[in-house]
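Only one structure is covered here, and it is reproduced in the block below.
Just so we're clear, the structure is a prediction, and the values are computed from it rather than from any experiment. Within every chain, numbering begins at 1; the chains are lettered A, B, ... in the order of the sequence lines, protein sequences first and strands thereafter.
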Amino acid sequence: MRTSKAIAGLACVLAVALVPAQAQETIKIGVITDKVGPAKPYAEPITQGVEFGAREINAKGGVLGRKIELLIEDDQGKPDVSAAMARKLVDSGAAFILSVSLTPATQQAQTVSLATKTPQMTPSNSGDTLTTQIDNPYFWQTGPLGSIQIATLLSYAGAKNYKRAALVSDNSDLGQLLARFFKSGLEKAGIQVVSEELISRGATSADAQMQKVRAANPDVLVSAGVLTAENVLMLKSYRQLGLKMPLLASYNFSVPVYMSVAKGLLNGVTFVDAYDPAKPEIKAFEAGYKKAMGREPFNLHGYGYDGIHLVADAIRRAGSTDKEKIKSAMQATNYAGIMGAKGMRYKFPAGKRTGFDPNGMVVRLYEGDRQGRVVHVGVGKY
Amino acid sequence: MRDFLELAVSAAASGCVYGLVALAYLLIMRPTGIVNFAVGEWAMLGAFGAYVASSVVQLPYAAGVAAVLLAMVAAGWLTERIAVRPLVERGAPVLAPILALLGMLVVFRESISLMFSPDPYPVPYAFGFGRLELGPLAGSYQSFFIIAVSLVVFAATWLFFERTLAGKCFEAVALNRRAAALMGINLARVTTLSFAAGAAVAGLAGVVAGANISAHYLMGVPLAIQGFTALVVGGVGRVEGALLGGLLLAFAEQLTIRYAPIPAGYAQGVPFLLLMLFLLLRPTGLLSARERSG
């Protein structure tokens with residue numbers, strides 16, 4: 001009887017001792033993604049990039065001697081659900097939250113990171129307002145901003161002396177936001193927007209919009225659309241109606257799906273990207289990803305990969321999972337990832353929480369149906 | 001004028017797609033009274049079927065379309081057996097199968113979302129990517145193809161209802177289910193056939209429209225809304241009303257975008273405005289159904 005009581009007592013002591021040990025075993029990083037909603041085409045590859053990055057970090061011994069554990073939640077692209085998921089992640093002990101869903105969803109989730117003082121970052125959202133509408137010192141953004149995209153395109157187009165531009169977008173939240181930044185960028189550069197068109201999600205034709213563009217006779221057509229199917233529809237009308245002005249496109253045209261879904265329509269289209277396939281870091285990333293995951297990655301995977309590495313870097317420098325220490329370490333980031341032009345480093349200038357170097361974007365050209373070479377780097381005077 | 005005629009061809013093609021989706025609604029709604037909002041997802045299945053037939057199995061276009069239509073007939077039949085018949089046999093109110101079909105909408109969409117990546121997939125053109133000029137009319141090969149195919153489908157459907165005994169059976173069920181049953185018409189068979197035919201027509205809409213809009217997992221709901229609007233505008237009871245409603249809707253959309261002096265964002269509200277106007281002022285649509293009782 002005495003022996004069994006002693007064993008039971010020992011078991012209790014062991015259980016109590018083991019609980020905190022297990023809790024400290026991993027560093028929990030929350031990921032808010034969109035598995036079913038409109039951001040899924042972006043969020044899915046970015047999340048896969050996060051997963052690959054975490055796997056790579058863990059294979060090299062983890063962070064502070066502990067493995068990274070990803071807690072992945074689906075917000076369906078809905079702001080209210082995103083905030084609820086952020087709360088769930090905080091309650092589950094996440095030391096950091098990565099948001100890779102829609103910009104408005106990430107915005108809403110910030111209410112939780114601000115209230116709970118939990119570090120949160122988006123490695124991919126491009127809306128310029130994410131760090132300006134809420135003064136949240138626990139939030140950072142490392143994706144290339146919409147304003148940087150248009151500035152890079154304008155810098156490329158600068159030498160061409162364009163005077164009149166047509167701007168086409170879609171009715172998604174992000175498409176509208178980008179269109180606003182693109183328009184203001186064009187006007188600041190002294191380029192008149194002579195036609196502003198919108199292709200609704202689910203449209204069956206873009207002929208009316210492209211007819212208007214043709215009638216306005218601009219020097220250049222700028223696409224701020226982010227819905228791939230609607231962009232392809234626009235491209236089909238652009239070719240069918242025989243439009244000849246150059247087409248400068250947002251980063252949406254950088255996803256490789258265009259090479260199959262818009263085959264034969266792409267030659268000569270220029271697009272802004274944060275991915276230079278000639279960089280040695282990209283070559284190493286692509287080889288590693290293919291070996292580990294069994295398929296080729298592309299630029300969106302790179303955003304997720306850099307995102308989780310930035311978080312790991314901050315925790316490493318913080319020396320603990322204390323949220324205040326991580327916050328300070330994150331703000332002091334100086335990190336070279338794989339994304340961006342050659343030599344680009346992520347940094348947060350004093351008083352700012354946007355970390356993508358304004359001169360880090362590149363302009364690439366479709367050569368035939370292939371995403372071709374980098375033809376321009378940075379924003380220059382824009 | 002050249003622009004207008006060019007736009008007319010494009011709008012007519014879009015209108016025919018809306019008309020086909022409206023016809024899919026109508027084929028089910030007339031004999032059963034059930035509004036099936038999953039027709040948009042059927043169109044999505046058709047578009048993905050065309051992608052698989054052309055790019056994966058690499059069938060010739062005509063054989064691929066035939067295979068897709070057969071698969072859609074099976075999908076329609078299966079939908080009726082799973083989501084509708086058990087409820088009807090238990091005497092559930094008409095709202096029950098409508099809700100069950102809304103559930104099927106999610107099932108179809110999520111199944112495609114799991115089977116394919118979220119990216120759009122290319123759907124083949126019937127005659128390639130090119131432009132045809134017929135006198136003053138000009139448009140893509142696909143636009144003319146959509147118009148021709150739709151006219152054939154609408155003419156065949158009209159002839160079926162007006163000139164064949166089987167069509168008269170459908171019409172009889174639409175007019176008075178109880179009397180039709182008393183006259184020996186098999187209501188279950190009519191219901192099954194209406195779902196199979198509705199799925200085939202919706203699938204065809206997806207195949208022909210998919211060449212322009214690509215196959216993707218979110219394409220169903222917009223098509224379902226456009227088709228439903230066309231149905232309400234044209235009149236829920238007549239085959240020709242579905243086509244008329246589709247054409248009116250597409251012309252209103254595209255002419256507004258092209259010529260109305262309003263910001264681009266407002267033009268997308270035109271279809272809804274049209275829908276509200278018809279619901280308020282002429283709820284029976286442009287063409288009224290024949291007298292219905294019981």
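Counting heavy atoms from C-beta outward, A:Pro38 and A:Arg201 have side chains that approach closer than 4.5 Å. Side-chain atoms of A:Val168 and A:Val213, non-hydrogen and from C-beta on, never get closer than 4.5 Å to each other. Inter-residue side-chain proximity for A:Leu98 and A:Leu70 is flagged as unmet; no heavy-atom pair is nearer than 4.5 Å. Between B:Leu23 and B:Thr157, some side-chain heavy-atom pair lies under the 4.5 Å cut-off. Considering only heavy atoms from C-beta on, B:Glu253 stays 4.5 Å or farther from A:Ser200 through its side chain. Within the 4.5 Å cutoff, the side chain of A:Ser237 has no heavy atoms near those of the A:Gln209 side chain. Counting only heavy atoms from C-beta outward, the side chains of B:Ile225 and B:Val221 approach each other to under 4.5 Å.
Heavy-atom proximity under 4.5 angstrom to chain A picks out nothing from residues 36-54 of chain B. For a heavy-atom cut-off of 4.5 Å, chain A lies close to B:Arg131, B:Ser140 in residues 131-151 of chain B.
Using bins of under 30°, 30° to 60° and over 60° for the plane-to-plane angle, the ring pair A:Phe285/A:Tyr305 lands in the tilted bin.
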- Message: As a quick check of understanding, evaluate ring pair (Phe, Tyr, Trp, His ring centres under 6.0 Å) for A:Tyr289 and A:His301, giving each step before the final call.
- Response: CA-CA 9 Å; A:Tyr289 189 96; A:His301 294 90; 4.9 Å; yes
- Message: One pair to check against salt bridge (Lys or Arg N to Asp or Glu O under 4.0 Å): A:Arg214 and B:Glu6. What are the steps and the verdict?
- Response: CA-CA 13 Å; A:Arg214 188 174 63 187; B:Glu6 188 180 58; 2.7 Å; yes
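Each of B:Tyr18, B:Tyr25, B:Phe278, B:Phe272 was evaluated against B:Phe228; a single residue qualifies, B:Tyr25, per the ring pair (Phe, Tyr, Trp, His ring centres under 6.0 Å) test. Of the residues A:Asp74, A:Asp75, A:Thr33, A:Asp34, the one that meets the side-chain hydrogen bond (donor to acceptor under 3.5 Å, both in side chains) test with A:Ser82 is A:Asp75.
Contacts between B:Leu223 and chain A at a heavy-atom distance below 4.5 Å involve the side chain alone, from C-beta outward. Proximity to chain A is limited to the side chain of B:Leu218, based on heavy atoms less than 4.5 angstrom apart. For a residue to count as touching a neighbouring chain, one of its non-hydrogen atoms must lie under 4.5 Å from one of that chain's; by this rule B:Pro120 touches chain A with backbone and side chain alike. Contact annotation for A:Ala203: only backbone heavy atoms (N, CA, C, O) come within less than 4.5 Å of a heavy atom of chain B. With a threshold of 4.5 angstrom between heavy atoms, B:Gln226 approaches chain A through side-chain atoms but not through N, CA, C or O. Looking at B:Ala211, only its backbone comes within 4.5 Å of chain A, counting heavy atoms on both sides. For A:Val232, the part sitting under 4.5 Å from any heavy atom of chain B is the side chain, from C-beta outward, and nothing else. For A:Ile199, no part sits under 4.5 Å from any heavy atom of chain B, backbone or side chain.
Without hydrogens or angle criteria, A:Asp273 side chain to A:Ser254 main chain gives no donor-acceptor distance under 3.5 Å.
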Show me, pair by pair, the donor-acceptor contacts under 3.5 angstrom made by side chains of residues 176-187 of chain A, not counting sequence neighbours?
residue: A:Gln176; atom: NE2; partner: A:Asp170; partner atom: O; Å: 2.9
residue: A:Lys183; atom: NZ; partner: A:Glu196; partner atom: OE1; Å: 3.2

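Note on B:Tyr121, B:Tyr217, B:Tyr259: by heavy-atom pairs under 4.5 Å with chain A, the leading option is B:Tyr217. Note on A:Lys35, A:Arg239, A:Glu44, A:Lys263: by heavy-atom pairs under 4.5 Å with chain B, the leading option is A:Glu44. Here A:Gln240 is the residue among A:Gln240, A:Glu230, A:Lys212 with the most heavy-atom pairs under 4.5 Å with chain B.
Applying the ring pair (Phe, Tyr, Trp, His ring centres under 6.0 Å) definition to pairs two or more places apart or across chains, those involving residues 219-266 of chain A are A:Phe253-A:Tyr258.
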